[in-house]
Amino acid sequence: MVKSHKDRARLPGAWADQGFEIMMSVFFPLLLVAAPIALALWQMRGQPKGLFVLFFAEMWERFSYYGMRALLIFYLTWHFLFDSDFSLTLYGAYVALVYLGPLLGGWVADKYIGFRKAVTFGAVLLVAGHGLMGFHGPPATETLVTGDTTYEINRPDYSEARERSIVIDGEAYQLLSFVQPERGSSARTVTFERGGETVSLSGTLEREGQALYEFILFAALALIVAGVGFLKPNISTCVGALYDKGDPRRDSGFTLYYMGINLGAFLAGIWCAIAAANYGWTAGFGLAALGMLAGLVVFVLGQGWLEGRADPPEGMDLKTPVFAGLNREWLVYMGGLGFVVLCFVLLQFAAFTSAAMYPVFAVATAGILFYMFTRLDSEARSPMIGLLILSISSVLFWTLFDQGPTSLNLFAASHVTNSIGDWEFPAPALQSANPFFIIYFAPVIALLWTFLGSRRWEPNSYVKFGLAMLQIGAGFFVLNLGIQSATPDADGMLRISVVFILLMYLLHTTGEVFLSPVGLSAVTKMSARQIVGFMMGYWFLAVTLANVIAAEIAKRTQVPEGAPAEESLAAYNIVYLQLGGSAVVLGIMLLLLSPLLAKLTNHVEGAGAAGPVSGKPAAATGQTEQAP
């Protein structure tokens, strides 16, 4: 079994030197998606030139985002040595803010600076944020204090085996055990061999980080949150702006655009993970930063191909000073930097930020209910009730789905044999499974809806949501099945075959394609005309809440440090069994109630369920993400 980052990501055979391994790490993933990507590029010949710009700009932006996301939970727990509870809380707060940011960025672009300027500003913030992630400084240190004696505890900065050593009289001894009595406790008991004898020491573990680099970490995350907020909603809008009303190329244009998203996400998980595992965090995050820089350069150089369609609103004066000698454009940019500061503060209080999402969602839901029953007639109210049911149901789906970058990432490092044939890869590389499956299976499912729709057999939105729930629940059941077959590796860790987690990601992906685009479509079809924009925001607020809940559930999979492998695996098993069971129960309920629920929305859904989302086919987009 691979034990250190120097040994990770090894590619076929002893005959391969390191240079060949790295070359294969770069080109082998490209070969896996060469056919669909070549087809996409060939199809873009008949599209507006601006689509090439947006395709590659968004591909590199998503490369940076997903590359960084794949590494983040390990970066927090391995480099900064934050405990898993704090790391998961911080991750949940960060992703929640990422999903809320586009509400501000989209509004500012609509009202003031236009989509092109908003995308450029967001890209600059993202380059700065991803660049700062690479300035991590030396790793945090641990010491074991026993009485009046302090011992230095060493561990590799990147190590999925989590080995440690204790330094005594200048000599390091490999630890045989490193036991925490209960989660949250600073007490530790360590054992090691010295002089032919097994020595046991008990004491208090103290962590010492460097305030400067922790400040840089939070600043980087805040910049990324604000950058995504300005870029993500507006670059998608730029795609729509390329086409005149009724342009038959629009649907295929969005499909091709989402192929770029998936390509960036797929390559990021593998390339950034391998870079971090072999060359350190700076290489992993630096590669993500270079990807974002490439996206910015492509967008700036190709702005002329947008043909002025993403410029500021007509008649908007951005040059005349309006306050303190600053014009509206610079005031927007200053406000964006203020949003960075706000995010920095909110991330400092991650637990509060996460907890605030519950009452915010509750108030928003109560407000929608009040509006429905006081302002809408029965014809408009019925589909709104259906949409509310779908939106609230989606919270459970995204809660399960977003175990991917949190608990499933940690599970892959501890309990999965991360190898395919002779190729061994770091655990974060498995985050590429979802976009890989999207690239191949989303078009198949889109064809399925087209085939069924042409025969008026296409299921309604509730059936699709129910089937999505069954699939994501089944994914966790596959993992439960794999856990039953776990066997110990050379270090005594219980591990399962990578086949089980890949099958799980496949089911999660097909479930996502059944639910995500259909949900976005439902918002546009079922919302009362006066509040379509608000209901789209509510949909993403549900995703935000799901990310917070996902982080809290992920904490339940964690056991005290140094606990037996059987205890760790059992914790994952019971949580995943509960998650899978909850999804299956909700899926069955939606399927059983679908004939009744469909009566609420038949007059807006019609015969088919998918429908258009801002002019693009719901199931055909190949979307790999809920929003940002």
Side-chain angles (χ1 to χ4, degrees), residues 2-6 8 71-91 133 135-194 198-218 276-277 280-282 284-285 350 409-410 413-414 426-428 491-493 554-555 557-565 567-568:
V2 178
K3 294 186 178 181
S4 75
H5 72 279
K6 300 293 185 184
R8 302 303 296 175
L71 299 175
L72 184 56
I73 195 66
F74 299 116
Y75 187 50
L76 297 176
T77 54
W78 294 352
H79 179 77
F80 288 98
L81 299 181
F82 295 137
D83 65 59
S84 58
D85 279 8
F86 175 80
S87 298
L88 289 165
T89 298
L90 177 59
Y91 178 87
M133 288 294 292
F135 289 95
H136 54 70
T141 59
E142 293 174 322
T143 54
L144 184 69
V145 180
T146 61
D148 296 330
T149 307
T150 299
Y151 300 96
E152 180 183 352
I153 303 293
N154 290 335
R155 60 173 292 171
D157 197 13
Y158 187 108
S159 171
E160 294 180 16
R162 303 185 187 183
E163 67 270 16
R164 284 180 169 91
S165 60
I166 187 169
V167 179
I168 301 177
D169 297 331
E171 188 173 351
Y173 298 89
Q174 191 76 23
L175 293 182
L176 303 176
S177 65
F178 186 83
V179 179
Q180 179 185 34
E182 59 183 3
R183 285 175 54 198
S185 172
S186 61
R188 296 291 190 279
T189 298
V190 304
T191 60
F192 55 94
E193 291 282 347
R194 187 186 187 196
T198 300
V199 180
S200 177
L201 292 175
S202 295
T204 301
L205 188 71
E206 296 183 355
R207 171 192 167 274
E208 183 177 351
Q210 296 196 25
L212 171 62
Y213 293 106
E214 291 179 10
F215 176 91
I216 290 175
L217 167 69
F218 284 94
W281 300 111
T282 297
F285 290 119
N409 226 355
L410 295 170
S414 299
D491 298 315
M493 285 301 295
K555 293 178 185 178
T557 65
Q558 302 302 293
V559 296
E561 200 165 12
E567 183 178 338
S568 173

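- Taking all atoms of both residues into account, the shortest heavy-atom contact from Asp157 to Pro139 is OD1-CB, 3.7 Å.
- Inter-residue side-chain proximity for Glu206 and Glu142 is flagged as unmet; no heavy-atom pair is nearer than 4.5 Å.
- Taking a cutoff of 4.0 Å between a charged side-chain nitrogen and a carboxylate oxygen, Glu561 and Arg183 do not qualify as a salt bridge.
- In this pair, Trp281 and Tyr158 present their aromatic rings tilted. The plane angle is within the 30 to 60° band.
- Here the side chains of Tyr75 and Phe285 are in contact, with some heavy-atom distance below 4.5 Å.
- Across every non-hydrogen atom of Arg194 and Val199, the tightest pair is CB-CG2, 4.1 Å.
- When side chains are defined from C-beta on, Pro156 counts as touching Glu163, because their heavy atoms get closer than 4.5 Å.
- Of all the heavy atoms in Tyr151 and Thr146, the pair that sits closest is CE1-OG1, 3.3 Å.
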> So Glu152 and Arg164, salt bridge (charged side-chain N to carboxylate O under 4.0 Å, His left out) or not? Walk me through it.
Replying inline: CA-CA 10 Å; Glu152 180 183 352; Arg164 284 180 169 91; over 6 Å; no

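- How far CG of Leu217 is from NE2 of His136: 11.5 Å, rounded to the nearest 0.5 Å.
- For Gln180 against Ser185, the heavy-atom pair with the smallest separation is NE2-O, 2.8 Å.
- Under the 4.0 Å criterion applied to side-chain N and carboxylate O atoms, Lys555 and Asp83 are not assigned as salt-bridge partners.
- Atoms CZ and OG1, on Phe178 and Thr189 in that order, are 10.0 Å from each other to the nearest 0.5 Å.
- The shortest distance between side-chain heavy atoms of Ile216 and Met133 does not fall below 4.5 Å.
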> So Thr191 and Ser177, side chain to side chain donor-acceptor pair (under 3.5 Å) or not? Walk me through it.
Replying inline: CA-CA 5 Å; Thr191 60; Ser177 65; 2.5 Å; yes

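- The nearest pair of heavy atoms linking Tyr173 to Glu193 is CD2-O, 3.3 Å.
- The aromatic ring centroids of Phe80 and Tyr213 lie 6.0 Å or more from each other.
- Within a 6.0 Å sphere centred on CD of Glu208, heavy atoms belonging to other residues, nucleotides or ligands number 12 at most.
- Glu567 places a side-chain heavy atom less than 4.5 Å from the side chain of Pro560.
- The OG1 atom of Thr141 lies 10.5 Å from the CD1 atom of Ile153; values are rounded to the nearest 0.5 Å.
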>> Assess the residue pair Leu90 and Phe218 against the criterion (side-chain contact (heavy atoms from CB on, under 4.5 Å)); give the C-alpha distance rounded to whole Å, side-chain angles, the decisive distance to 0.1 Å, and a yes or no.
In response: CA-CA 10 Å; Leu90 177 59; Phe218 284 94; 3.7 Å; yes

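- Residues Ser87 and Thr77 approach most closely at OG-CG2, 3.3 Å, considering heavy atoms.
- Separation of atoms CG (Leu88) and CG (Leu76) is listed at 9.0 Å; rounding is to 0.5 Å.
- To the nearest 0.5 angstrom, Arg188 atom CZ is 11.5 Å from Ser202 atom OG.
- When side chains are defined from C-beta on, Leu144 does not count as touching Thr150, because their heavy atoms never get closer than 4.5 Å.
- Between Leu205 atom CG and Leu81 atom CG the span is 8.5 Å, to the nearest 0.5 Å.
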